[in-house]
Amino acid sequence: MIAVNNPITITSKLPDVGTTIFTVMSGLASEYNAVNLGQGFPDFPMSEELTGLVNSAMQNGYNQYAPAPGWMPLREAIAEKIQFLYNTKVNPDTEITITPGGTYAIYTALTTVLQPGDEVIIFEPAYDSYIPNVTINGGVPVLIDLKFPDYRIDWEEVRNKITPRTRVIVLNTPHNPTGSVLREDDIDQLRSIVQDTNIIILSDEVYEHLIFDNIPHQSMLRYPDLLARSFVCFSFGKVYHCTGWKLGYAVAPAALSKEFRKVHQFNCFSCHTPSQVALAAFLQTRDSYLSLAPLLQQKRDYFQELMSKTRFTPLPSYGSYFQCYKYDRISNESDKDFAIRITKEYGIATIPVSAFYKSGKDDKVIRFCFAKKETTLAQAAERLSKI
Ligand code: PMP
Ligand code: GLN
């Protein structure tokens, strides 16, 4: 305890914000020794080749500050990957910035562009950092529901919500928590809405490589006209099964990246050097990212098959680490009560999807993370089949 009767008070910049649902459910999971399919992190080991490369980088003396925008060979490897996957040329010198994670890239992009009163269109259910990131920067979140149960965007509603103050549209594909993905017709609609406006697109693509059934990932990197007005954010943690590394990057046109880097240089300045050196080498093999979708698709399919023997009803998952299920055949409790109860009574932790709505909208859906070992998924399904 620093001081008992501390006279110092501050006005909260985020008065409506408490502890995130991920922390709450992971805390409950360990308290009740539950199988944790809540917070999105894998329980299987990451690539030994990649950890070996980090070790070598440390032993070979790559232990001092990297350049603020990132280790150049890593930025070059990313540019080459973008060229290969999306046939788009991105300048590694001026258009790619390495960040300490995807969340940081999103926060920095919003901090870079928002002026007080600017409106930001956010689709709900939404990853939990978006709304606080907007409000802390004096922006105004304009919330639009994705259409339940397939969680697609109603573009007519987007058109109706656009005003002269609309500054940013936030996209997330593949989508957390629902596993929905943008399709080509979504891109056509988006294009027709933003063309001839000054609207910026913030595209959260941290699950870029986790997309299934051979569906093409509709990255903004594919579309030069959209990329010209975009910040596109990525996370190495999510795709290389090392969420604790907190390393990612943002791709944006040079003029936007220049402003982004002004904010970045006075926040963290630069990121962990040995991990960047390692990733630069790891990315040289295309298999390092092409192997990810089949691996996770197999886990999704395995989990779905196990779950078909329970009373949970699946919603489709086309990508990400996640699969949502309705539990209306089991209970009509609120999703939060249900998620807490099954953690305590059956030893299985999940995430209630209402946590991704500002209003707490409850469609009685819970999210499962299937980025787990088969033994974990089997143990979880065994417990779930008793509910
Ligand atoms: N966006 C979404 C949709 C996510 O699920 C995550 C994963 N936590 C992130 C961003 C952030 O990634 P990172 O852990 O690299 O900050
Ligand atoms: N992205 C992860 C999830 O959705 C969690 C990130 C976090 O704990 N902040 O589960």
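Start at 1 and go down the list; that is how both ligands and their atoms are numbered. Computed from heavy atoms alone, side chains included, the values below leave out hydrogens, waters and symmetry copies.
At a heavy-atom distance under 4.0 Å, no atom of Tyr321 approaches ligand 2. At a 4.0 Å heavy-atom cut-off, ligand 2 touches Tyr127 through the side chain alone. In Arg367, the part holding a heavy atom less than 4.0 Å from any atom of ligand 2 is the side chain. Looking at Asn176 against ligand 2, only its side chain comes within 4.0 Å, counting heavy atoms.
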For residues 124-135, which side-chain N or O atoms pair as donor and acceptor with protein atoms under 3.5 Å away, sequence neighbours left out?
residue	atom	partner	partner atom	Å
Glu124	OE2	Lys358	N	2.6
Tyr130	OH	Asp204	OD2	2.5
Asn133	ND2	Ser129	O	3.1
Thr135	OG1	Ile131	O	3.1
Thr135	OG1	Pro132	O	3.2

Without placing hydrogens or testing angles, list every side-chain donor-acceptor pair under 3.5 Å for residues 317-325, not counting sequence neighbours.
residue	atom	partner	partner atom	Å
Ser317	OG	Gly319	O	3.4
Ser317	OG	Phe322	O	2.7
Ser320	OG	Phe322	N	2.9
Tyr321	OH	Lys238	O	2.8
Gln323	OE1	Gln304	NE2	2.7
Gln323	NE2	Leu315	O	2.4

Quiz: residues 345-355 side-chain donor-acceptor pairs under 3.5 angstrom, not counting sequence neighbours:
residue	atom	partner	partner atom	Å
Glu345	OE1	Arg341	NH1	3.1
Ser354	OG	Asp335	OD1	2.7
Ser354	OG	Asp335	OD2	3.1

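With hydrogens left out, the protein atom closest to atom 8 (O) of ligand 2 is Gln39 NE2, 2.7 Å, a heavy atom. Phe22 CD1, 3.6 Å is the protein heavy atom nearest to atom 7 (C) of ligand 2.
The hydrophobic clustering, which links ILVMFWY residues whose side-chain heavy atoms are closer than 4.5 Å, places Tyr302 and Phe368 together.
Checking Gln39 against Ser26 by side-chain atom types alone, a donor-acceptor pair falls below 3.5 Å. Counted by atom type alone, Glu49 and Ser47 present zero donor-acceptor pairs between their side chains at under 3.5 Å.
Proximity of Tyr151 to Val365: side-chain heavy atoms (C-beta onward) are separated by under 4.5 Å at one or more points. Counting heavy atoms from C-beta on, the side chains of Leu190 and Asp186 never come closer than 4.5 Å.
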Less than 3.5 Å apart, N/O on ligand 1 and N/O on the protein: could you list those pairs with the distances?
residue	atom	partner	partner atom	Å
ligand 1	1 (N)	Asp204	OD1	3.4
ligand 1	1 (N)	Asp204	OD2	2.6
ligand 1	5 (O)	Asn176	ND2	2.8
ligand 1	5 (O)	Tyr207	OH	2.5
ligand 1	8 (N)	Tyr127	OH	3.0
ligand 1	14 (O)	Lys246	NZ	3.1
ligand 1	15 (O)	Gly102	N	2.7
ligand 1	15 (O)	Ser235	OG	2.7
ligand 1	16 (O)	Gly102	N	3.1
ligand 1	16 (O)	Thr103	N	2.9
ligand 1	16 (O)	Thr103	OG1	2.7
ligand 1	16 (O)	Lys246	NZ	2.7

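When only interatomic distances are considered, the shortest N/O to N/O separation between Phe322 and ligand 2 does not fall below 3.5 Å.
Using cut-offs of 30° and 60° for the angle between ring planes, the Tyr249 and Phe236 rings count as tilted.
Each of the following atoms of ligand 2 lies closer than 4.0 Å to a heavy atom of Lys238: 1 (N), 2 (C).
Shown here is Glu305, whose CD atom has no more than 12 heavy atoms of other residues, nucleotides or ligands within 6.0 Å.
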